[in-house]
There are 2 protein chains.
Amino acid sequence: MATTTRRPERRQEPLSRERIVSVAVELLDEVGERGLTFRVLAERLATGPGAIYWHVAGKSELLCAATEAVVAGTVGGDDADATPQDVIRALALGLFDAIDAHPWVGAQLADAPQQAAMLQVFERIGRQVQALRVPAAAQFTAASALLNYILGVAGQNAAHARAHRPDADRAELLDAMAAEWEELDPDRYAFARSVAARLRTHDDRVEFLAGIDLILAGIATPR
Amino acid sequence: MATTTRRPERRQEPLSRERIVSVAVELLDEVGERGLTFRVLAERLATGPGAIYWHVAGKSELLCAATEAVVAGTVGGDDADATPQDVIRALALGLFDAIDAHPWVGAQLADAPQQAAMLQVFERIGRQVQALRVPAAAQFTAASALLNYILGVAGQNAAHARAHRPDADRAELLDAMAAEWEELDPDRYAFARSVAARLRTHDDRVEFLAGIDLILAGIATPR
DNA sequence: ACCTGAACACCGTTCAAGT
DNA sequence: ACCTGAACACCGTTCAAGT
């Protein structure tokens with residue numbers, strides 16, 4: 001039906017930092033960080049590996065840029081009606097879902113130095129902390145605690161994703177983990193055993209939010 | 001003065017998994033994860049790279065084993081007199097200090113899958129959570145929140161260590177960061193600007209503990 | 001200014017051959 | 001059973017040469 005090319009041929013677009021980063025994101029989603037290679041990236045861009053270096057300093061900068069691109073999309077605008085707690089939950093869930101969809105982002109956030117996108121997240125969290133009337137002296141700690149918790153979960157999610165097939169059934173894995181924990185030494189792992197059954201109905205997203213709420217409760221506690 | 005060799009020649013000890021891991025820890029401390037190479041490791045062990053594979057499956061297993069070795073040393077025994085909060089603080093600080101001394105451990109914990117040593121940490125945290133009389137249904141969430149926060153900070157510390165020279169002055173870096181934040185756009189980064197000055201007297205360890213206390217306060221809050 | 005692609009200096013890992 | 005070390009199949013990155 002289409003008269004000309006139905007979708008633009010990628011090889012015909014000019015090379016640009018933007019296009020390199022966007023193809024890198026695609027590739028990272030498909031094959032992960034270890035699979036993202038300057039050679040396969042160059043092949044997809046229909047060029048040589050050297051060409052990429054004209055636009056991007058190296059692989060770590062490329063990973064940072066790809067992460068920024070994904071995270072920037074999750075930092076939405078403010079909703080006037082929402083409570084500060086709601087905004088924080090929405091922001092945290094946005095990051096959680098982005099990392100769920102792009103596990104390599106979790107790994108990158110968990111052990112990359114301060115990135116520009118993270119500063120934006122920190123800013124938005126901080127504003128809500130202020131809106132919660134947290135005393136000035138405690139605001140930094142409150143915002144940091146939330147961010148560090150989010151980054152910790154991000155790293156763990158990325159690790160889980162990397163450890164298993166991308167299409168692995170999370171429920172099955174949790175079942176297997178529950179079974180494992182139930183076999184642990186009752187003396188040395190009494191607690192793990194006592195919560196093992198809970199893994200069978202565990203929901204990562206719900207649990208993540210429950211942790212956010214726990215920290216929010218702590219923030220609301222007068223010193 | 002010494003009649004024989006003053007310290008045992010490493011090249012004369014037999015190769016063993018234990019020795020490989022312990023030399024790997026040394027090397028990781030000196031040159032970081034990127035610097036740990038099977039070739040230099042083999043050289044230090046006075047053998048060939050292939051020999052290592054007889055005792056260790058590969059590099060990721062080696063990194064896991066090295067991390068386990070360091071973390072296992074931080075999981076101390078229980079102190080009968082201490083409150084549950086104190087035990088959690090001590091445990092968290094122990095991990096913090098271990099990661100401060102061995103930044104590569106932070107990176108490994110932040111994005112490695114469940115490791116045996118982490119299960120021990122989880123167990124010890126969980127026991128204290130139980131001692132705090134947290135309802136059974138909330139114990140898993142409480143212990144997870146604490147662990148995820150610890151892992152998040154671990155990753156960030158590792159990232160900071162990797163981003164700068166090992167001997168970089170943390171106070172100077174914080175000063176520079178404060179100066180940077182103070183130059184940010186007042187509209188878009190009002191919060192970051194408002195806490196920038198605080199960075200000049202920031203203490204990573206103190207801040208880390210304050211975050212732990214925040215979560216402990218949240219845990220103590222009745223639902 | 002921007003692209004090409006061969007070449008360099010590495011990696012982790014394997015494996016035939018030794019002891 | 002354990003060690004050796006050359007060799008394999010890659011990497012990220014550089015750079016002379018092109019357009």
Side-chain angles (χ1 to χ4, degrees), chain A residues 8-68 104 107-108 111-113 159 162-163, chain B residues 8-68 104 107-108 111-113 159 162-163:
Chain A
E9 282 295 325
R10 197 179 269 129
R11 61 199 63 239
Q12 289 170 12
E13 297 167 30
L15 209 53
S16 69
R17 186 183 154 95
E18 198 182 38
R19 193 158 81 87
I20 291 170
V21 171
S22 119
V23 173
V25 169
E26 271 178 44
L27 223 33
L28 284 162
D29 288 342
E30 290 170 31
V31 292
E33 185 187 325
R34 288 206 52 172
L36 176 68
T37 274
F38 273 75
R39 271 165 253 257
V40 320
L41 181 57
E43 196 184 5
R44 255 210 208 183
L45 291 163
T47 182
I52 298 167
Y53 283 87
W54 185 262
H55 302 275
V56 171
K59 185 162 187 181
S60 60
E61 192 191 293
L62 183 59
L63 283 170
C64 278
T67 303
E68 293 281 328
W104 51 274
Q108 191 65 18
D111 56 31
R162 203 171 324 110
Chain B
E9 280 296 324
R10 198 181 268 128
R11 59 200 64 239
Q12 291 171 8
E13 299 168 29
L15 209 51
S16 69
R17 187 183 154 93
E18 197 182 39
R19 191 158 81 90
I20 290 169
V21 170
S22 118
V23 172
V25 169
E26 270 178 43
L27 222 33
L28 284 162
D29 288 342
E30 289 171 32
V31 293
E33 186 188 324
R34 289 205 53 173
L36 176 68
T37 275
F38 274 75
R39 271 164 253 260
V40 320
L41 181 57
E43 197 184 3
R44 259 216 204 175
L45 291 163
T47 180
I52 299 167
Y53 283 87
W54 185 262
H55 302 275
V56 170
K59 185 163 185 180
S60 59
E61 192 191 293
L62 183 58
L63 283 170
C64 279
T67 303
E68 292 282 327
W104 52 273
Q108 190 65 16
D111 56 32
R162 203 171 325 109

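The sequence lines fix the lettering, A, B, ..., with proteins before strands; numbering per chain opens at 1.
Listed nucleotides: D:dC3, D:dT14, C:dC11. Nearest to the side chain of B:Trp54: D:dC3. Counting only heavy atoms from C-beta on, A:Tyr53 has its side chain closest to D:dT13 among D:dT13, D:dC3, C:dT14. Of the candidates D:dG12, C:dC3, D:dA7, D:dG12 carries the atom nearest the A:Arg39 side chain, counting heavy atoms from C-beta on. When distances run from any side-chain atom of B:Lys59 to the nucleotides C:dG12, D:dT13, C:dC3, the shortest one goes to C:dG12. For B:Phe38, whose side chain is taken as the heavy atoms from C-beta onward, the closest listed nucleotide among C:dC2, C:dG5, C:dT13 is C:dT13.
B:Leu28 contributes atom CG, which lies 9.0 Å from atom CG of B:Leu41 (distance to the nearest 0.5 angstrom). Going from atom CD of A:Glu33 over to atom CD of A:Gln108 covers 6.5 Å, rounded to the nearest 0.5 Å.
Atom CG in B:Leu45 sits roughly 15 Å away from atom C1' in D:dG5 (whole-Å rounding). Rounded to an integer number of Å, the gap from A:Glu43 CD to C:dG5 P is 12 Å. Whole-Å rounding puts the A:Ile52 CD1 to C:dG5 P distance at 13 Å. Look at CD1 on B:Ile20: it is 11 Å from C1' on D:dC2, rounded to the nearest Å. Between the CG atom of A:Leu27 and the P atom of D:dC11 there is a distance of 12 Å, given to the nearest Å. What separates CD of B:Glu61 from P of C:dG12 is a distance of 15 Å, to the nearest Å.
Nearest approach of A:Ala42 to A:Gly48, heavy atoms of both residues: CB-C, 3.5 Å.
Projected onto DNA chain D by closest heavy-atom contact, A:Leu36 and A:Ala51 fall at different nucleotides, the more 5' of which corresponds to A:Leu36.
When both distances must be under 3.5 Å, the Watson-Crick or G-U wobble mate of D:dG18 is C:dC2.
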